[in-house]
**Q** 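Submitted below is the structure of interest, expressed as structure tokens.
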Amino acid sequence: MTVRTRFAPSPTGYLHIGGVRTALFNWLFARAHGGQFILRIDDTDQQRNVQEALQPILDGFRWLGLDWDEGADVGGPYGPYYQSQRLDRYQAAVQTLLAQGCAYWDYATAEELKAEMEAAEKEKRPKIYSRRWMAETDADRARFEAEGRTGSVRVKMPREGECRIVDRIRGEVVVPWSGEQDTVIQRSDGTVTYNLANVVDDCDMRITHVIRAEEHLSNTPRQIFLLEALGFPRPEYAHVPFVAEPGSKNKLSKRKIANYLKNAEFKKVYDHAHAITAKLGLETTPESFNPVLVDFYKTVGYLPDAVLNYLVLLGWSAGDRETFTRQDMIALFTLEGVNKSPASLDVQKLLAFQERYFQALPLEQKVERVLPFLLQAGFTVESEVVRQIVEAAGPRLKVAGDILDYSEFFLPDEQVPYDEKALDKHVRKSPGADWVTGLRSLLAAAKPFDAPTLQAQVEEFIAAQSAKPRPVSQTLRVLVTGKEVGFGTYETLAILGRERCLARIDRAITIV
RNA sequence: GGCCCUGUCGUCUAGAGGCCUAGGACACCACCCUUUCAAGGUGGGGACCGGGGUUCGAAUCCCCGCAGGGUCACCA
């Protein structure tokens, strides 16, 4: 039998990193077994702009390179893959369940139900519906409806015995049926709920392995009851731990971003990325631009492979090894290697992976990654120059967007901002001030105008002045870049070229 | 509260009774390198939730606690 796994996002407008991790495990398992990975859309809660809210999710998957064999956009033999288009299938299932006595029409009002649940809470009993407003016959239905009540359909769960789940990650889990609520499967407006739709879809789409987050473990007995009542085959289950908050065991939530930002390490990574969006002129709010969402990483120039590599290790491991290509992951992935306990999102470690991956990229590819950011920031650039700059920047570029830290190379000479403090320290005051003219003529005469020559000549200058190398180099740097940090001074000079260096020094002199 | 799940450095984890004086990675600290900033190199601190068993021997097996989490929706 071919392995078939699925991931079923709701069109919410964003791709949650925890969801991606679960999707990744599904994808890996399918790929590892030569099976199919299906992307189904859970849009029973019919919102208006499904397509619009879905797009960012599909884009995220494509960016990460998690391809799907069937589902949204691509179709397939077991469709439709949108729940909103499968209503008739669900209705049929509800009818079957009703006919078999595994479900019943219920006429309890919201208030009545609430009262029951509160009483149960008070008496410390399991919250189980009494079935007091259950309609067993058509006559009952008519009577309730005459009272002006509207009916919903509930599952009639067993009240005795137990449900045994064999979970590939957790082992055998035994749950007494008596604690399972008669959940609503069809709302009073006729639409169906998640548990029912899920079971029907998984069966129709021939899903063999249900790999999902552990918060669904408690839904599983209910789903098993439904699926057996419907005569469907039982898939294998694997409940993976959820992704937890930074430094806690609570489930990661997009909405708690303000809280996470209080964590210094988390904030550091957020600020780093935020600085890039600021330079791009992008409007962001913590709500939309958020390390909990995949788009965050895409926007500032992380590499999908780095994100994936970090993510796969969040709850899964293969010994001490940490670096995996996609092929490695596929070859090595097993459900048994998935951990049972929740893992917290550590964005700093994700950045560490990104740094490694980005550094390992050949120069040409770094340039390719960096170019869009320069263009987006409005610079007109020559790729040969960019190549030199990226090379000189070396490990200073952690994400592609970091190139914008070095905008002084791309700005016209007359627009380079000078950092006042740097100017004070290295150019206005002695000894820096005493060297400006000398350094200028040195640059005017140097031949050839390349890093080794410049270095040699400046060193001669340093010796002649009986100066220390450090301050001289800093004075030069500030003169041509306006900043006291950057990459090698001589490389910087060489990249800018004689003309631009001289123009900048002349301008610095007028500013001073 | 009922039911279920989980518990190794701050974080991700290795660990399937002796290879454990508990290993690796990120982070942190120190030093080295260095024209700034990065990067790099070397070193350091840092954990088996607790208590009982079983065993010659337990992080690993069993029991009892404790702690954390999930779930109990006409959300998915």
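Below, each value reflects all heavy atoms present in this structure, side chains not excepted, and no hydrogens, waters or symmetry copies. First the proteins, then the strands, lettered A, B, ... as listed; each starts at 1.
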**Q** For A:H16, enumerate each residue passing the ring-ring contact (aromatic ring centres under 6.0 Å, His included) test, keeping only those at least two apart in sequence or located in another chain.
**A** none

**Q** Under a 3.5 Å distance rule, please check whether A:S407 uses its side chain to pair with a backbone N or O of A:F410 as donor and acceptor.
**A** no

**Q** Where do N or O atoms of nucleotides 60-67 of chain B meet protein N or O atoms at under 3.5 Å, pair by pair?
**A**
none

**Q** Please classify the nucleic acid contact of A:A119 as base, sugar-phosphate, or nothing, using heavy-atom distances under 4.0 Å.
**A** nothing

**Q** Can you name the side chain to side chain donor-acceptor pair (under 3.5 Å) partners of A:E116, sequence neighbours left out?
**A** A:S130

**Q** Contact class for A:K249 vs. all strands (heavy atom < 4.0 Å): base, sugar-phosphate, or nothing?
**A** sugar-phosphate

**Q** So what does A:K468 touch, heavy atoms closer than 4.0 Å: a base, only the sugar-phosphate, or nothing?
**A** nothing

**Q** When all nucleic acid strands are considered with a 4.0 Å heavy-atom cut-off, which category describes A:N219: base, sugar-phosphate, or nothing?
**A** base

**Q** What does A:E215 touch in the nucleic acid at a heavy-atom separation under 4.0 angstrom: a base, only the sugar-phosphate, or nothing?
**A** sugar-phosphate

**Q** Tabulate protein N/O versus nucleotide N/O from nucleotides 28-32 of chain B, keeping only pairs under 3.5 Å, one per line.
**A**
none

**Q** Classify A:K349 by what it touches in the nucleic acid, base, sugar-phosphate, or nothing, heavy-atom distance under 4.0 Å.
**A** base

**Q** Using the test side chain to side chain contact (heavy atoms under 4.5 Å, CB included), find all partners of A:Q85 that sit at least two apart in sequence or belong to another chain.
**A** A:P80, A:Y82

**Q** Considering residues at least two apart in sequence or located in another chain, which fulfil the ring-ring contact (aromatic ring centres under 6.0 Å, His included) criterion with A:W316?
**A** A:F324, A:F333

**Q** Give each protein N/O atom lying under 3.5 Å from an N/O atom of nucleotides 15-20 of chain B, with the pair distance.
**A**
none

**Q** Give A:H216 one of three labels, base, sugar-phosphate or nothing, depending on what nucleic acid heavy atoms sit under 4.0 Å from its own.
**A** base

**Q** Judged by atom type as modelled, is there a donor-acceptor pair below 3.5 Å linking the side chain of A:R154 to the main-chain atoms of A:K156?
**A** no

**Q** At 4.0 Å (heavy atoms only), tell me whether A:R212 reaches a base, stays on the sugar-phosphate, or touches nothing.
**A** nothing

**Q** Please identify each residue that fulfils ring-ring contact (aromatic ring centres under 6.0 Å, His included) with A:Y81, with sequence neighbours left out.
**A** none

**Q** I'd like to check the side chain to side chain donor-acceptor pair (under 3.5 Å) partners of A:Q181; sequence neighbours left out, ordered by chain and number.
**A** none

**Q** So, is the end of the A:R131 side chain (NZ or CZ) under 6.0 Å from the ring centre of A:Y129 and within 45° of the ring's axis?
**A** no

**Q** Enumerate donor-acceptor pairs with a distance under 3.5 Å from any side-chain N or O in residues 473-480 of chain A to protein atoms, sequence neighbours excluded.
**A**
unit_1: A:S473; atom_1: OG; unit_2: A:T489; atom_2: OG1; d: 3.0
unit_1: A:Q474; atom_1: OE1; unit_2: A:R477; atom_2: NE; d: 2.9
unit_1: A:Q474; atom_1: NE2; unit_2: A:E484; atom_2: O; d: 3.1
unit_1: A:T475; atom_1: OG1; unit_2: A:H426; atom_2: O; d: 3.0
unit_1: A:T475; atom_1: OG1; unit_2: A:P471; atom_2: O; d: 2.9
unit_1: A:R477; atom_1: NH1; unit_2: A:F487; atom_2: O; d: 2.6
unit_1: A:R477; atom_1: NH2; unit_2: A:T489; atom_2: OG1; d: 3.0

**Q** How would nucleotides 37-48 of chain B be written as a contact map, 5' to 3', with B for base contact, S for sugar-phosphate-only contact and - for no contact, using protein heavy atoms under 4.0 Å?
**A** BBS---------

**Q** Check whether A:Y14 forms a cation-pi arrangement with A:K254 (NZ or CZ under 6.0 Å from the six-membered ring centre, at most 45° off the ring normal).
**A** yes

**Q** Report which part of the nucleic acid A:F242 touches: base, sugar-phosphate, or nothing (heavy-atom distance under 4.0 Å, all strands).
**A** sugar-phosphate

**Q** Ignoring hydrogens and angles, does a donor from either the side chain of A:R477 or the base of B:U35 sit under 3.5 Å from an acceptor on the other?
**A** yes

**Q** Would the base of B:U35 count as contacting A:T489 through its side chain, where contact means a donor and an acceptor less than 3.5 Å apart?
**A** yes

**Q** Just the atom pairs and distances: protein N or O near nucleotides 4-7 of chain B's N or O, under 3.5 Å.
**A**
unit_1: B:C5; atom_1: O2'; unit_2: A:R170; atom_2: NH1; d: 2.5

**Q** Assess whether one donor atom and one acceptor atom, taken from the side chain of A:D320 and the base of B:G23, lie less than 3.5 Å apart.
**A** yes

**Q** For A:S188, answer base if it contacts any base atom (sugar-phosphate contacts may also be present), sugar-phosphate if it contacts only those atoms, and nothing otherwise; contact means non-hydrogen atoms under 4.0 Å.
**A** base

**Q** Within the structure shown, what part of the strands sits under 4.0 Å from A:R321 by heavy-atom distance: base, sugar-phosphate, or nothing?
**A** nothing

